[in-house]
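Data first, discussion second: the structure below is written as structure tokens.
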Amino acid sequence: MKDELQEFERYLEHLGGGLGHADRQAGLRGYCIGLMAPLARKSVEPMAAHLAPQATRSRHQSLHHFVAQSSWSDEEMLRRVAQWVVPAMDFEDGGWWIVDDTGFPKQGEHSVGVAGQYCGMLGKQDNCQVAVSVSLACVAGSLPTAWQLYLPQQWVDDMARREKAGVPEDVLFATKWQIAQAQIEHLLEQGAPKHTVLADAGYGVVTAFREGLTAMGLTYVVGVTGQVTVWPPGHAPLALRPRCGGHPPAVGRCQARATTVREGGGVGVGADPMAKHRVA
């Protein structure tokens, strides 16, 4: 146990080097200990009660200040965590970038970004916050290397709500796939390796996302839905006929001969039989 405690102290010292001010060290220590405590809710209030039963109010204020108001960089913290963890990861059997988003159910409407949207934790539409992440993974485990809160359009457009919640003025609307693409771009600019990108259909159906990965020199394995159409290299969809049955074609009628991937291995005319599992 002594060795583990000493290792933990070295870890906190390493993270603390990125806080900017020495007076933030106590907040970091308290928050990290709170995260590892056997608490049902890992929020500031129960953490404060666990850390300082006789001075819960003052401890709550100091933890809240550290988490919500201190101007340390979350990006720098993630970088320092990666500096500590990545050397211990074994990439002999391969490495991957995993793109995902995580929903956090909420009861109220004041938390930044909270809105009625799909929450993966609940498996349905509900009131929640959503964060987009890119994690570095090997066979034995994974590590979040980029993490950003998704801000829905109604939040971006509501300046009074933004100001009350402390959302910076320069934050503009971005879709989840655009956030993920920017995160990956930034990681590569910092010298990250070009591992294969993995993502579910929420990202995989977006042509611009897949093309963006290709432009960055990355291979990918992404989920798609049955609505995605594919063509072999060098081919393109056929042009629409000008008329259908003597009448102008209505939306959804007389469409080009799109090639589609069917369930069970069958494919439409000219489709790539590996498209559903394509690495491009």
Side-chain angles (χ1 to χ4, degrees), residues 95-104 113 115-126 128-137 142 144-157 171-190 192-238 240 251-252 255-263 267-268 270-280:
W96 302 270
W97 295 112
I98 301 176
V99 175
D100 199 7
D101 49 74
T102 304
F104 305 95
Q117 53 193 326
Y118 181 77
C119 179
M121 187 177 294
L122 301 177
K124 62 178 182 179
Q125 292 277 131
D126 212 326
C128 66
Q129 293 173 298
V130 174
V132 178
S133 64
V134 175
S135 297
L136 175 61
S142 64
T145 54
W147 189 275
Q148 181 176 325
L149 186 68
Y150 167 70
L151 201 63
Q153 188 73 61
Q154 61 263 42
W155 267 87
V156 174
D157 296 338
V171 174
L172 305 176
F173 176 73
T175 62
K176 295 171 186 174
W177 74 263
Q178 287 172 331
I179 292 173
Q181 189 175 81
Q183 289 173 326
I184 295 171
E185 243 179 329
H186 186 55
L187 287 167
L188 294 181
E189 288 171 357
Q190 293 179 317
K194 292 188 174 183
H195 294 311
T196 296
V197 175
L198 312 180
D200 64 22
Y203 299 87
V205 297
V206 182
T207 301
F209 177 71
R210 302 191 307 270
E211 290 179 342
L213 296 178
T214 300
M216 286 185 268
L218 297 171
T219 57
Y220 59 80
V221 179
V222 297
V224 296
T225 66
Q227 302 304 311
V228 174
T229 55
V230 296
W231 294 270
H235 292 70
L238 299 178
L240 293 174
V251 175
Q255 295 180 354
R257 288 173 57 208
T259 59
T260 59
V261 181
R262 304 192 187 109
E263 296 296 330
V267 296
D272 179 356
M274 288 301 292
K276 194 166 185 179
H277 306 284
R278 183 179 179 186
V279 178

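Residue numbers run from 1 in the order of the sequence given.
Proximity of a side-chain donor or acceptor of H186 to a complementary backbone N or O of I184 within less than 3.5 Å is not detected. For the pair Q148 (side chain) and Q183 (backbone), a donor-acceptor distance under 3.5 Å is absent.
A tilted orientation is assigned to the rings of W147 and F104, their planes being inclined by 30° to 60°.
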What donor-acceptor contacts under 3.5 angstrom involve side-chain atoms of residues 197-207, with partners at least two apart or in another chain?
unit_1, atom_1, unit_2, atom_2, d
D200, OD1, G202, N, 3.0
Y203, OH, D101, OD2, 2.7
T207, OG1, R210, NH2, 3.4

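From K194, atom NZ reaches atom CG of L187 across 13.0 Å, with rounding to the nearest 0.5 Å.
Of all non-hydrogen atoms in A137 and I98, the two that sit nearest each other are CB-CD1, 3.6 Å. Residue T214 comes nearest to Y220 through the heavy atom pair OG1-CE2, 3.6 Å, listed as atom of the first residue, atom of the second, then distance. Taking all atoms of both residues into account, the shortest heavy-atom contact from Q181 to A208 is NE2-O, 3.4 Å. Nearest approach of P152 to A115, heavy atoms of both residues: CG-CB, 4.0 Å.
With sequence neighbours excluded, no residue forms a side chain to side chain donor-acceptor pair (under 3.5 Å) with W155. Partners of Q153 by side chain to side chain donor-acceptor pair (under 3.5 Å), not counting sequence neighbours, listed by chain and number: D157. Taking L122 as the reference, P105, C119, K124, D126 meet the side chain to side chain contact (heavy atoms under 4.5 Å, CB included) condition, with sequence neighbours excluded. Qualifying side chain to side chain donor-acceptor pair (under 3.5 Å) partners for T102, counting only residues two or more places apart in sequence or in other chains: none. Residues passing the side chain to side chain contact (heavy atoms under 4.5 Å, CB included) test with E185 are M216, sequence neighbours excluded.
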Practice prompt. Let me see the working for W96 and V221 under side chain to side chain contact (heavy atoms under 4.5 Å, CB included), right down to the final yes or no.
Written response: CA-CA 10 Å; W96 302 270; V221 179; over 6 Å; no
Item to complete: Could you walk me through whether Y118 and V130 pass side chain to side chain contact (heavy atoms under 4.5 Å, CB included), step by step?
Response: CA-CA 8 Å; Y118 181 77; V130 174; over 6 Å; no
